[in-house]
2 protein chains.
Amino acid sequence: MSDNQFKRGELYSFITGVASTAIARRLQKNFKQHGIDITIEQWSVLYHLWKQDGLSQQELCNATFKDKPSITRLVDNLEKLKLVKRVASVEDRRINMIYLSGAAATLRDQTMEMANQTLNEALGGVSTEEIEMCKSVLQRVYDNLK
Amino acid sequence: MSDNQFKRGELYSFITGVASTAIARRLQKNFKQHGIDITIEQWSVLYHLWKQDGLSQQELCNATFKDKPSITRLVDNLEKLKLVKRVASVEDRRINMIYLSGAAATLRDQTMEMANQTLNEALGGVSTEEIEMCKSVLQRVYDNLK
DNA sequence: TTGAATTAGTTGCATAACTAACTATATGTC
DNA sequence: GACATATAGTTAGTTATGCAACTAATTCAA
């Protein structure tokens, strides 16, 4: 086997999640330090509901790029925390519409602020053009494998 | 809260693991289709042992960016699969040196080939300069949070 | 209008992650 | 030499992921 294969392999370390894991860990830590007891995965669901309340679980799957069982269980846990509520759709009873609770509303500004701070820390020394280019590359990678 | 906060938030979807998850899933699928029953996490440990056999668990933590409990269990599972063996160090008995088995050696070329193919699919339409730039950005992000 | 196919969501099982608390060995200092 | 500290690794509990098999509701077509 050629050494070239190993050089290519190094890419995995960076394209495959090292930076993203670091961001997630930092944000999770910030939440905890401020006494906010939700996981970043739960937060990512809330994030999309803050943009638009009353999404179906399937719509949450699409928005978060997670699969159906993952959303089922995240919604389970968010319901236990009384942050969201499942409401069966009237038109199509297969569908659960997910609605935010009042408690979730109060989390919004506080956690958004932390998320922005974390992103600012993460992106220190990275220009807007670099960010855009990175996004474009990662989008192409995602599309290539979709 | 400003809309700007939500715009920044969009970055999470891409910097936070969507592309890397897609690559991991694809590689895992390729393994499975070729009857190779290891997970990509297990593979990532083997990958570093192929580069240098006989690393300690702590060295594997550093190489893979995983924490100690994660490596403990990955090595547990790799040992069950008879792909590696723990050997207590003679000089410092706290340390486990991890050695590849013969079975692991035969996996090397086959899985490396699949990893390269997967990367090629993932990186279709992405230039070498873009890859380098992306790596540099993700490295900076990682260093910012370290 | 009945029966097949599709869609939305759930459940079970295995693997993996993070945190915190733990054991065992080694080191360093008084 | 003995005790404090640091280091390597393990264990336990909770959360999350992927996959496959499942239920229930809806749609489509003969």
Side-chain angles (χ1 to χ4, degrees), chain A residues 16-18 20-33 36-45 55-81 83-84 86-98 145, chain B residues 16-18 20-33 36-46 55-81 83-84 86-98:
Chain A
T16 298
V18 171
S20 63
T21 303
I23 296 179
R25 279 205 272 239
R26 172 65 60 94
L27 184 54
Q28 182 75 75
K29 211 170 113 187
N30 288 352
F31 280 177
K32 185 154 204 180
Q33 280 175 349
I36 295 176
D37 274 330
I38 58 173
T39 68
I40 41 128
E41 311 302 339
Q42 291 167 356
W43 181 81
S44 78
V45 171
L55 294 173
S56 72
Q57 294 190 198
Q58 184 58 55
E59 286 167 332
L60 284 171
C61 292
N62 301 337
T64 59
F65 301 95
K66 295 179 190 298
D67 65 358
K68 291 196 294 176
S70 295
I71 291 296
T72 292
R73 271 156 232 182
L74 285 170
V75 172
D76 284 349
N77 287 335
L78 286 169
E79 248 188 342
K80 277 186 213 149
L81 294 169
L83 292 172
V84 305
R86 278 182 173 93
V87 178
S89 164
V90 189
E91 299 101 54
D92 185 337
R93 287 169 48 223
R94 290 171 304 182
I95 297 177
N96 289 336
M97 310 294 280
I98 312 300
L145 299 177
Chain B
T16 298
V18 171
S20 62
T21 303
I23 296 179
R25 277 205 277 241
R26 173 65 60 95
L27 182 54
Q28 181 74 76
K29 210 170 114 186
N30 287 352
F31 281 177
K32 185 154 204 179
Q33 280 174 347
I36 295 176
D37 274 329
I38 59 174
T39 69
I40 40 130
E41 310 302 338
Q42 292 166 355
W43 180 81
S44 77
V45 170
L46 294 178
L55 294 173
S56 71
Q57 293 191 198
Q58 185 58 55
E59 286 167 332
L60 284 172
C61 292
N62 302 337
T64 58
F65 301 93
K66 294 180 192 299
D67 65 358
K68 290 195 293 177
S70 296
I71 291 296
T72 292
R73 270 162 218 166
L74 284 170
V75 172
D76 284 350
N77 287 334
L78 286 168
E79 247 188 343
K80 276 185 214 150
L81 295 169
L83 292 171
V84 305
R86 278 181 173 95
V87 178
S89 163
V90 190
E91 300 102 50
D92 185 337
R93 288 170 45 224
R94 291 172 304 183
I95 297 175
N96 289 336
M97 309 294 281
I98 312 301

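Convention: sequence-line order gives letters A, B, ...; per-chain numbering from 1. These numbers come from the heavy atoms of this one structure, side chains and all, not from hydrogens, waters or symmetry mates. These numbers come from a predicted model, not from an experiment.
- Distances shorter than 4.0 Å separate none of the side-chain N or O atoms of A:Asn77 from OP1 or OP2 on D:dT14.
- Here the side chains of B:Asn30 and B:Ile36 are not in contact, with every heavy-atom distance at 4.5 Å or above.
- With distances taken from any side-chain atom of B:Thr72 to the nucleotides C:dA8, D:dT10, D:dA16, the minimum falls on D:dT10.
- Counting non-hydrogen atoms under 4.0 angstrom, B:Ile71 reaches nothing in the nucleic acid.
- Between the A:Gln42 side chain and the A:Leu78 main chain, no donor and acceptor come within less than 3.5 Å of each other.
- Counting only heavy atoms from C-beta on, B:Glu41 has its side chain closest to C:dA17 among C:dA17, C:dT15, D:dA16.
- Among the nucleotides C:dG9, D:dT15, D:dT10, the one closest to the side chain of A:Ser56 is C:dG9.
- For D:dA16, one of the phosphate oxygens OP1 or OP2 lies less than 4.0 angstrom from a side-chain nitrogen or oxygen of A:Thr39.
- Applying the side-chain hydrogen bond (donor to acceptor under 3.5 Å, both in side chains) criterion to A:Glu41, with sequence neighbours excluded, gives A:Lys66.
- Atom CG in A:Asn96 sits roughly 14 Å away from atom P in D:dA24 (whole-Å rounding).
- The side chain to side chain contact (heavy atoms under 4.5 Å, CB included) test with A:Ser56 is passed by exactly one of A:Ile95, A:Asn62, A:Ile71: A:Ile95.
- Nucleotides of DNA chain C nearest to A:Ile95 and A:Gln28 differ in position, and the one nearer the 5' end is that of A:Ile95.
- With rounding to whole Å, B:Phe65 atom CZ is found 18 Å from C:dC18 atom C1'.
- Regarding B:Glu91, its CD atom lies at a distance of 11 Å from the P atom of C:dT27, rounded to whole Å.
- Comparing A:Arg25 and A:Asp76 against DNA chain C, the residue whose closest nucleotide sits nearer the 5' end is A:Asp76.
- With sequence neighbours left out, B:Arg86 forms a side-chain contact (heavy atoms from CB on, under 4.5 Å) with B:Gln57, B:Thr72, B:Val75, B:Asp76, B:Glu79, B:Asn96, B:Ile98.
- One N or O on the side chain of B:Gln28 and one on the backbone of B:Ile38 form a donor-acceptor pair closer than 3.5 Å.
- For B:Arg73 and D:dT10, the CZ to C1' distance is 8 Å, given to the nearest whole Å.
- Nearest-nucleotide positions on DNA chain D place A:Lys66 closer to the 5' end than the other of A:Val90 and A:Lys66.
- The listed nucleotides are C:dC18, D:dT10, C:dT10; the one nearest the side chain of B:Ser70 is C:dC18.
- As rounded to whole Å, 14 Å separates atom P of C:dA14 from atom CG of B:Asp37.
- The side chain of A:Gln57 places an N or O atom within less than 4.0 Å of a non-bridging phosphate oxygen (OP1 or OP2) of C:dT10.
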Q: Might you work through the side-chain contact (heavy atoms from CB on, under 4.5 Å) test for A:Leu83 and A:Asn77, ending with a clear yes or no?
A: CA-CA 9 Å; A:Leu83 292 172; A:Asn77 287 335; over 6 Å; no
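- When the P atom of D:dT14 is taken as reference, atom CD of A:Gln42 falls 14 Å away, rounded to whole Å.
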Show the distances under 3.5 angstrom between N or O atoms of the protein and N or O atoms of nucleotides 20-24 of chain C.
none

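- Rounding to whole angstrom units, CG of residue B:Asp67 and C1' of D:dT11 are separated by 13 Å.
- Side-chain N/O atoms of A:Asp67 and A:Ser70 include a donor and acceptor closer than 3.5 Å.
- At a threshold of 4.0 angstrom between heavy atoms, the contacts of A:Asp92 are confined to the sugar-phosphate backbone, with no base atom among them.
- What separates CG of A:Leu74 from C1' of C:dA8 is a distance of 17 Å, to the nearest Å.
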